[in-house]
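Heads up: numbering here begins at 1 and tracks the sequence. Numbering of ligands and ligand atoms starts at 1, following listing order. Heavy-atom basis, side chains included; hydrogens, waters and symmetry copies ignored. Every value quoted in this text rests on a predicted model; they were computed, and no experiment measured them.
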Amino acid sequence: MFNIILFGPPGSGKGTQSEKLVEKYGLIHLSTGNLLREEIANKTPLGIEAKKFMDHGQLVPDEVVIGMVDSYFDKHKDAVGFLFDGYPRTVAQAQALDKLLTLKKTEIASVLALDVTEEELVKRLLNRGKSSGRSDDTNEEVIRKRFSVYTNETSPVADYYKKARKFKSIKGEGELDEIFASLRQAIDKAMASHHN
Ligand code: B4P
């Protein structure tokens, strides 16, 4: 299996680039944000619980997200690999992911982090909020809260993977195709060393 993580702050383009990457590499797209929104749309108990956190720009509790990821992983046993989008977002989630992958005799090959300034992120999210109907994108206060959660809870995940020498920063501003090309270059390199 070949597994990568797409990392970065809210609105950095993880979802946007993931769609292109899974198509190119045939990986299974595991977006915790999408899975949670699906649970909300289906009004499941998990979705009803998750919505309370998401609407306030907070992270959904680790045990909920970790359980959801484990069961999604098990549903795709024959995958050539996974692209984790928006997961892990806490050090506890990163440790749980390592545990899961070790159990499945695989690992993370590389963590690609999209680097975008905060002004640009706010602009993108407010803009998406106009058409997406996502309640966490329409209110600037909720968006700012998501950034502070990112700084406090998610950025330590970057250090976790830096220590493991798996972390690579990618410029996340500019044309979509330019960013896609930089990601492809980093993935091709990681794939080449993965197969050696
Ligand atoms: P997510 O769904 O993961 O979404 P996100 O961080 O808001 O955005 P993403 O980076 O994917 O942005 P996108 O490509 O769409 O999380 C939502 C919420 O779910 C979290 O706040 C949290 O509550 C909860 N959650 C999710 N995972 C969790 C976890 N593991 N643990 C706990 N809670 C969790 O891009 C944004 C916009 O920018 C789009 O409109 C796009 O068109 C635009 N854009 C993209 N690239 C661009 C570019 N190069 N130039 C201009 N615009 C661009």
Novice: Give yes if a backbone or side-chain nitrogen or oxygen of R146 is under 3.5 Å from a nitrogen or oxygen of ligand 1, and no if not.
Specialist: yes
Novice: Under the criterion salt bridge (Lys or Arg N to Asp or Glu O under 4.0 Å), I'd like the reasoning laid out for E119 against K123: C-alpha separation, chi angles, the key distance, then a yes or no.
Specialist: CA-CA 6 Å; E119 303 103 87; K123 238 196 286 168; over 6 Å; no
Novice: Minimum distance, heavy atoms only, to atom 13 (P) of ligand 1: which one of R128, K171, Q17 is it?
Specialist: R128
Novice: Polar contacts were defined as any N/O atom of the residue lying under 3.5 Å from an N/O atom of the ligand; does this apply to Y87 and ligand 1?
Specialist: no
Novice: What's the verdict on salt bridge (Lys or Arg N to Asp or Glu O under 4.0 Å) for E39 and K51, showing C-alpha distance, side-chain angles and the deciding distance?
Specialist: CA-CA 9 Å; E39 298 279 346; K51 189 173 184 332; over 6 Å; no
Novice: Nearest to atom 49 (N) of ligand 1, what protein heavy atom do you find, and at what distance?
Specialist: G174 O, 3.1 Å
Novice: Do me a favour and list the nearest non-hydrogen protein atom to atom 27 (N) of ligand 1 with residue, atom name and distance?
Specialist: T32 OG1, 2.8 Å
Novice: Would you say the side chain of I4 lies within less than 4.5 Å of the side chain of Y25, judging by non-hydrogen atoms?
Specialist: no
Novice: Applying a strict 4.0 Å limit to heavy atoms, is S12 in contact with ligand 1?
Specialist: yes
Novice: For atom 45 (C) of ligand 1, which candidate among T16, D55, D177, L114 provides the closest heavy atom?
Specialist: T16
Novice: Using only heavy-atom distances, determine whether the side chains of E153 and T90 contain a donor-acceptor pair under 3.5 Å.
Specialist: no
Novice: Rounded to the nearest 0.5 Å, what's the gap from OH on Y160 to CG on D98? Could you check?
Specialist: 3.5 Å
Novice: Side chain, backbone, both or neither: which applies to V149 and ligand 1 if a contact is any heavy-atom pair less than 4.0 Å apart?
Specialist: neither
Novice: Quick check on the hydrophobic clustering: are F84 and V91 connected, directly or via other members, by side-chain heavy-atom contacts under 4.5 Å?
Specialist: yes
Novice: In ligand 1, which numbered atoms sit nearer than 4.0 Å to a non-hydrogen atom of V65?
Specialist: 29 (C), 30 (N), 31 (N), 32 (C)
Novice: Taking only non-hydrogen atoms of F53, do any sit less than 4.0 angstrom from ligand 1?
Specialist: no
Novice: Take every heavy atom of S31, measure it against each atom of ligand 1, and state whether any distance is under 4.0 Å.
Specialist: no
Novice: Show me which atoms of ligand 1 lie under 4.0 Å from any heavy atom of I179.
Specialist: 49 (N)
Novice: Looking at L35, D85, V22, which hits side-chain contact (heavy atoms from CB on, under 4.5 Å) with L30?
Specialist: L35
Novice: What is the nearest protein non-hydrogen atom to atom 25 (N) of ligand 1, stated with its residue, atom name and distance?
Specialist: L36 CD1, 3.6 Å
Novice: Indicate yes or no: does an N/O atom of V60 lie under 3.5 Å from an N/O atom of ligand 1?
Specialist: yes
Novice: Flag G57 as yes when one of its N or O atoms lies below 3.5 Å from any N or O atom of ligand 1, and as no otherwise.
Specialist: no
Novice: What class does the angle between the rings of H76 and F82 fall in, given that below 30° is parallel, 30 to 60° is tilted and above 60° is perpendicular?
Specialist: perpendicular
Novice: Any salt bridge between R146 and D137, counting N to O under 4.0 Å?
Specialist: yes
Novice: Which of these, L112, L114, I170, sits in a side-chain contact (heavy atoms from CB on, under 4.5 Å) with S182?
Specialist: I170
Novice: Does E175 reach ligand 1, in the sense of a heavy atom lying below 4.0 Å from it?
Specialist: no
Novice: Side chains of N127 and R124: donor-acceptor distance under 3.5 Å anywhere?
Specialist: no
Novice: Non-hydrogen atoms of G11 versus ligand 1: any pair closer than 4.0 Å?
Specialist: yes
Novice: Please find the pair of heavy atoms, one from D62 and one from A92, that lie closest to each other, and give the distance.
Specialist: OD2-CB, 3.3 Å
Novice: Could you tell me whether K14 and ligand 1 have an N or O pair separated by under 3.5 Å?
Specialist: yes
Novice: Report the member of Q58, E178, R134, R124 with the shortest heavy-atom distance to atom 44 (N) of ligand 1.
Specialist: R124
Novice: Which heavy atom of the protein is the closest neighbour of atom 31 (N) of ligand 1, given with residue, atom name and distance?
Specialist: Q93 NE2, 2.9 Å
Novice: Any N or O of G15 that comes nearer than 3.5 Å to an N or O of ligand 1?
Specialist: yes
Novice: When rounded to the nearest 0.5 angstrom, what distance separates CG in D136 from CD1 in I143?
Specialist: 8.0 Å
Novice: Please confirm whether R89 comes within less than 3.5 Å of ligand 1 when only nitrogen or oxygen atoms on both sides are compared.
Specialist: yes
Novice: Which of these, K130, K123, M54, has its nearest heavy atom closest to atom 24 (C) of ligand 1?
Specialist: M54
